[in-house]
Amino acid sequence: AFVKRPAADWMRLAGEKPPQRKLLGDLISENELAVVFSMTNIGKTALMVQVANCIASGTVLEPFDNECGPQRVLYFDFELNDRQFARRYAGEDGDFVFSDNFIRAQVNAAGRCDGMDYGEFMLVCIEREIVSCRAKVAVVDNISFLSNELDKGRSAGNLIKRLKEIKERLGITMIVLAHTP
């Protein structure tokens, strides 16, 4: 279950790999799993949409560095429907222009899980969509949608473990939003 090496060997092996470039300063780097959490109605979604669009366009969100060029971002929006999303991001002078690399996905109400646990079904669908979009960054907003038992430590831990497995298998960056109780 574990790989053991002297710490010096880990340092040498890490030094042989390409450096992880910053996507959002020291907060989020390539190939990481980042969890953004706070109470509800604080603005996590608005902030993460802005972060995702900066990553998609390769621009900087001051004061955070972005050392990467434009990245394909797939934003799984379990919070807003299409009208809510459009209303939120329509500016006074017209609609906000998103990067073409920013792909937003919302749940298809006609989707079926055919007896599979719904959370497990959604994880399978998330992985499939990341692959089909060739996304380098995936944002999951909000993991509460994937499980009704996140207040239980075991359920939350298992869900994060599964998301990390997807991230590792696909070699992507994953940003997960969560509500705190």
Side-chain angles (χ1 to χ4, degrees), residues 2-80 85 88-89 96-105 123 126-127 129-131 133-146 150 153 156-181:
F2 294 94
V3 176
K4 299 177 299 215
R5 292 188 173 99
D9 288 351
W10 286 113
M11 297 297 287
R12 181 184 49 74
L13 289 170
E16 293 171 359
K17 294 180 179 176
Q20 287 182 283
R21 298 177 299 173
K22 297 176 182 181
L23 289 166
L24 186 67
D26 290 327
L27 298 178
I28 302 173
S29 295
E30 288 179 308
N31 302 324
E32 289 186 335
L33 171 67
V35 180
V36 177
F37 59 93
S38 73
M39 297 179 298
T40 59
N41 297 317
I42 295 293
K44 292 180 298 297
T45 294
L47 174 62
M48 283 302 106
V49 166
Q50 186 176 5
V51 166
N53 192 59
C54 285
I55 293 170
S57 63
T59 59
V60 172
L61 178 63
E62 293 292 340
F64 304 104
D65 298 337
N66 181 349
E67 299 174 338
C68 301
Q71 305 283 313
R72 176 72 60 127
V73 176
L74 181 54
Y75 196 103
F76 294 96
D77 192 342
F78 298 120
E79 295 279 311
L80 304 176
F85 183 82
R88 179 175 280 187
Y89 300 106
F96 179 80
V97 177
F98 285 94
S99 168
D100 289 340
N101 281 323
F102 184 105
I103 310 298
R104 179 182 172 273
L123 290 170
I126 285 170
E127 184 167 1
E129 294 300 328
I130 292 168
V131 170
C133 286
R134 297 180 320 279
K136 296 291 183 192
V137 178
V139 180
V140 177
D141 183 4
N142 186 298
I143 64 169
S144 300
F145 186 86
L146 301 176
L150 291 180
N158 286 338
L159 181 55
I160 293 296
K161 180 180 150 192
R162 288 297 316 280
L163 290 169
K164 185 175 180 188
E165 288 169 358
I166 292 169
K167 176 205 82 72
E168 292 290 328
R169 193 167 32 256
L170 301 180
I172 64 166
T173 303
M174 188 171 288
I175 304 168
V176 179
L177 279 70
H179 297 307
T180 56

Side-chain donor-acceptor pairs under 3.5 Å in residues 62-70, sequence neighbours left out?
{"from": "Asn66", "atom 1": "OD1", "to": "Cys68", "atom 2": "N", "distance (Å)": "2.9"}
{"from": "Asn66", "atom 1": "ND2", "to": "Thr59", "atom 2": "O", "distance (Å)": "3.0"}
{"from": "Glu67", "atom 1": "OE1", "to": "Lys22", "atom 2": "N", "distance (Å)": "2.9"}

Side chain to side chain contact (heavy atoms under 4.5 Å, CB included) evaluation trace for Leu47 with Ile42: CA-CA 10 Å; Leu47 174 62; Ile42 295 293; over 6 Å; no
Applying side chain to side chain contact (heavy atoms under 4.5 Å, CB included), run through Val51 and Leu23 and close with a yes or a no. CA-CA 9 Å; Val51 166; Leu23 289 166; over 6 Å; no
Run the numbers on Val131 and Leu170 for side chain to side chain contact (heavy atoms under 4.5 Å, CB included), then give the verdict. CA-CA 8 Å; Val131 170; Leu170 301 180; 3.6 Å; yes
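Considering every non-hydrogen atom in both Ala105 and Leu74, the closest pair reads CB-CD1, 4.1 Å. Closest heavy-atom contact between Ala135 and Ile172: O-CG2, 3.4 Å. Taking every heavy atom of both residues into account, Leu61 and Cys54 meet most closely at CB-SG, 3.9 Å. The heavy-atom pair separating Val3 from Trp10 by the smallest distance is O-CZ2, 3.4 Å. Pairing each heavy atom of Arg72 with each of Cys133, the nearest pair is CG-O, 3.5 Å. Nearest heavy-atom pair, Ala34 versus Ile28, reported as atom, atom and distance to 0.1 Å: CB-CG1, 3.9 Å.
Residues passing the side chain to side chain donor-acceptor pair (under 3.5 Å) test with Arg134: none are found, sequence neighbours excluded. With sequence neighbours excluded, the residues that form a side chain to side chain donor-acceptor pair (under 3.5 Å) with Arg162 are Glu120, Glu165. Legend: residues meeting side chain to side chain donor-acceptor pair (under 3.5 Å) with Thr45, ordered by chain and number and at least two apart, are Asp141. In this structure, Val97 has no side chain to side chain contact (heavy atoms under 4.5 Å, CB included) partners at least two apart in sequence or on a different chain.
No side-chain heavy atom of Thr173 sits less than 4.5 Å from a side-chain heavy atom of Gln71. Residues Phe98 and Arg104 form no side-chain contact, since every pair of their non-hydrogen atoms from C-beta on lies 4.5 Å or further apart. Using a 4.5 Å heavy-atom cutoff, the side chains of Leu13 and Arg5 are in contact.
Lys167 places a side-chain N or O within donor-acceptor distance of the main-chain N or O of Asn31, the cut-off being under 3.5 Å.
Among residue pairs with one or both ends in residues 30-56, those qualifying as salt bridge (charged side-chain N to carboxylate O under 4.0 Å, His left out) are Arg21-Glu30; sequence neighbours excluded.
Residue Asn142 holds its CG atom at 14.0 Å from CZ of Phe76, rounded to the nearest 0.5 Å. Here the CG-CE distance, from Leu24 to Met48, works out to 6.5 Å after rounding to the nearest 0.5 Å. Rounding to the nearest 0.5 Å places CD of Gln50 at 9.0 Å from OH of Tyr89. Taking CD1 from Ile166 and NZ from Lys161, the interatomic distance works out to 12.5 Å, rounded to the nearest 0.5 Å.
A salt bridge is absent between Lys164 and Glu168; no separation between the charged side-chain nitrogens and carboxylate oxygens falls under 4.0 Å.
Using cut-offs of 30° and 60° on the angle between ring planes, the pair Tyr75 and Phe102 is parallel.
Partner of Val139 under the side chain to side chain contact (heavy atoms under 4.5 Å, CB included) criterion, out of Val36, Val176, Val73: Val73 alone.
Within a 6.0 Å radius of CG in Asp9, other residues, nucleotides and ligands contribute more than 12 heavy atoms.
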